[in-house]
Amino acid sequence: MSLVAAPMAIVDLATSADQLQQAMEVEEEAKAEQQQQQQDLGAGEQELSYSILMKGVRHLSDSGITRLPDRYVLPAPDRPGAAPATTSRVKLPVVDLARLRDPSQRAAVLQTLDAACRGYGFFQVVNHGVDGAVIAGMLDVARRFFELPLPERARYMSPDVRAAVRYGTSFNQAKDAVLCWRDFLKLACHPLRDVVASWPREPADLRDVASGYAAASHGLFMELMEAALQALGIAAAAADGGVLGELAAGSSHMMTVNCYPACPQPELTLGMPAHSDYGLFTFVLQDHVEGLQVMHGGRWLTVDPIPGSFVVNVGDHLEIYSNGAYKSVLHRVRVNSTRPRISVASFHSLPAERVVGPAPELVDEAAGKPRRYMDTDFATFLAYLASADGKDKTFLQSRMLPPPIHCAIYN
């Protein structure tokens, strides 16, 4: 079971009898709301019902709607608005793994990685060694899964959000006041050999392709974690124990395959709202259609991806473990009116039962480096979700400790 998944995936991991009951209650309320909203729909769209909305945005898009159903319209302050004539873009720092693997260049690349994690919370990985056929195959099989007839996709819909495989829509459709313009397929990936048999049988090559991609993603994660620990000044060799040794013994890994269909009114909604990821590192593979945006310098910037690269971001766990040195930053996904977008997010972290706190090596009260975060675990995160809406970085902020008060003593 994966720890990670920013609100975009973590909520998928939380379930209980109480939550299922709440989901039923919210569904009834939403049905009543949808009935009231029908009068605002165009004549050709008055046939839309709550049950149709719950079949997902791919189904809605394929039905030919020309106006966004009200359940997907964000409150005015949260809307992305029309895309500017010249979109603000960002070229993320680049971490070259071929140079990282060269002992004579490793130190320079570690500096680049360290600066990216501190300044952006995001970077792109190039020359990673993952075969281009593996990358292209993953995007292709993901696209073909969402092109399957709805009954074939719907067989993986489940109220059990802990299931090893789950097809759904939005972010947390049972609780969201406003739905996201996104369908997803969640695949638990650890231990890989035990979970693959539960993955979809169609497309026929999905299991082979996705498992090969998952294995490659996990290998890159382990390599980057070792580098990040080294950049932080923490012993990283598996033989030394510590986090890397724990990850070698067991970890959490989940993939969320995302489909963002063409949207009739993209200025009113988002594929994913602003969120940070609850984990160590997230690897994002995306097709040629832009949409991922990161918050930097108080502005939303559209990521300008390098073909064949992975976009990697710091998660909440790594911010806590680094005692705030590395930043888990807000990001979101915009949609467009003409082209669907496919992405694959791989979330990596420690096992769910593991308590995460700042690394002892990075805490030194006497040296002016106080502990900045409380310990956390998955149970604490679930309890928080049950008591709050989980928006933005509020969970991470709930784990922050107040700065120490320094008192001067005068004789």
Side-chain angles (χ1 to χ4, degrees), residues 4-9 74 77-96 109-126 171 180 182 224 227-228 231-232 258 260 266-267 269-286 288-307 309-336 341 343 345-347 372-373 390-397 399-400:
V4 296
M8 83 183 179
L74 288 164
D78 298 332
R79 296 173 190 171
T86 303
T87 303
S88 297
R89 310 178 70 85
V90 60
K91 290 186 179 296
L92 296 173
V94 175
V95 173
D96 187 332
V109 180
L110 288 177
Q111 289 182 352
T112 299
L113 173 64
D114 186 68
C117 291
R118 292 175 186 269
Y120 279 87
F122 271 80
F123 53 93
Q124 295 192 76
V125 171
V126 300
F171 158 48
C180 306
R182 173 188 79 128
L224 276 177
L232 285 166
N258 301 300
Y260 304 97
E267 71 278 6
T269 192
L270 286 166
M272 280 298 297
H275 64 280
S276 62
D277 291 350
Y278 185 78
L280 290 170
F281 274 129
T282 302
F283 287 70
V284 178
L285 173 65
Q286 52 189 328
H288 64 283
V289 180
E290 67 181 31
L292 177 63
Q293 294 188 318
V294 301
M295 175 63 74
H296 183 71
R299 296 190 302 155
W300 285 111
L301 303 177
T302 299
V303 172
D304 193 3
I306 299 172
S309 71
F310 293 100
V311 175
V312 182
N313 64 278
V314 172
D316 293 351
H317 273 175
L318 189 50
E319 178 168 334
I320 292 173
Y321 188 75
S322 69
N323 203 33
Y326 289 175
K327 305 302 181 184
S328 174
V329 305
L330 292 176
H331 49 287
R332 69 182 189 181
V333 177
R334 290 199 63 160
V335 293
N336 68 82
R341 178 175 179 269
S343 71
S346 298
F347 305 96
R372 297 183 58 193
Y373 300 86
K391 287 180 63 178
D392 297 346
K393 287 170 66 84
T394 47
F395 173 73
L396 186 62
Q397 291 166 348
R399 308 313 295 164
M400 291 181 178

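Fair warning: this is a prediction, and the values are worked out from it, not measured in the lab.
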Is it true that a side-chain atom of [X] and a backbone atom of [Y] form a donor plus acceptor pair closer than 3.5 Å?
{"X": "Gln286", "Y": "Leu292", "value": "no"}
{"X": "His317", "Y": "Gly315", "value": "no"}
{"X": "Arg79", "Y": "Leu74", "value": "yes"}
{"X": "His296", "Y": "Val294", "value": "no"}
{"X": "Thr269", "Y": "Pro266", "value": "no"}

Search all heavy atoms of [X] against all heavy atoms of [Y] and return the closest pair with its distance.
{"X": "Leu113", "Y": "Ala228", "result": "CD2-N, 3.8 Å"}
{"X": "Leu110", "Y": "Ala231", "result": "O-CB, 4.0 Å"}
{"X": "Ser88", "Y": "Arg299", "result": "OG-NH1, 3.6 Å"}
{"X": "Trp300", "Y": "Leu330", "result": "CZ3-O, 3.8 Å"}
{"X": "Gln124", "Y": "Ser309", "result": "OE1-OG, 2.9 Å"}
{"X": "Asn336", "Y": "Val289", "result": "ND2-CG1, 3.6 Å"}

Would a 4.5 Å heavy-atom cut-off, applied to side chains only, mark [X] and [Y] as touching?
{"X": "Val90", "Y": "Thr302", "result": "no"}
{"X": "Met272", "Y": "Arg332", "result": "no"}
{"X": "Asp316", "Y": "Asp277", "result": "no"}
{"X": "Val329", "Y": "Val314", "result": "no"}
{"X": "Leu270", "Y": "Val333", "result": "no"}
{"X": "Val95", "Y": "Val126", "result": "no"}
{"X": "Arg372", "Y": "Met400", "result": "no"}
{"X": "Phe281", "Y": "Leu318", "result": "yes"}

Would you give the length of the straight line joining atom [atom1] of [X] to atom [atom2] of [Y], rounded to the nearest 0.5 angstrom?
{"X": "Gln397", "Y": "Ser276", "atom1": "CD", "atom2": "OG", "value": "8.5 Å"}
{"X": "Tyr120", "Y": "Asn313", "atom1": "OH", "atom2": "CG", "value": "15.0 Å"}
{"X": "Ser343", "Y": "Tyr260", "atom1": "OG", "atom2": "OH", "value": "4.5 Å"}
{"X": "Tyr373", "Y": "Ser322", "atom1": "OH", "atom2": "OG", "value": "6.5 Å"}
{"X": "Phe122", "Y": "His331", "atom1": "CZ", "atom2": "NE2", "value": "4.5 Å"}
{"X": "Leu224", "Y": "Phe283", "atom1": "CG", "atom2": "CZ", "value": "4.5 Å"}

> Going through the checks in order, is the side-chain contact (heavy atoms from CB on, under 4.5 Å) test met by Ile320 and Leu396?
Replying inline: CA-CA 8 Å; Ile320 292 173; Leu396 186 62; 3.6 Å; yes
>> If you apply the rule side-chain hydrogen bond (donor to acceptor under 3.5 Å, both in side chains), what do you find for Asp114 with Tyr326, and how did you get there?
In response: CA-CA 8 Å; Asp114 186 68; Tyr326 289 175; 2.6 Å; yes
>> My understanding is that only one of Arg334, Arg89, Arg341 makes a salt bridge (charged side-chain N to carboxylate O under 4.0 Å, His left out) with Glu290; could you say which?
In response: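 Exactly one candidate clears the test, Arg89.
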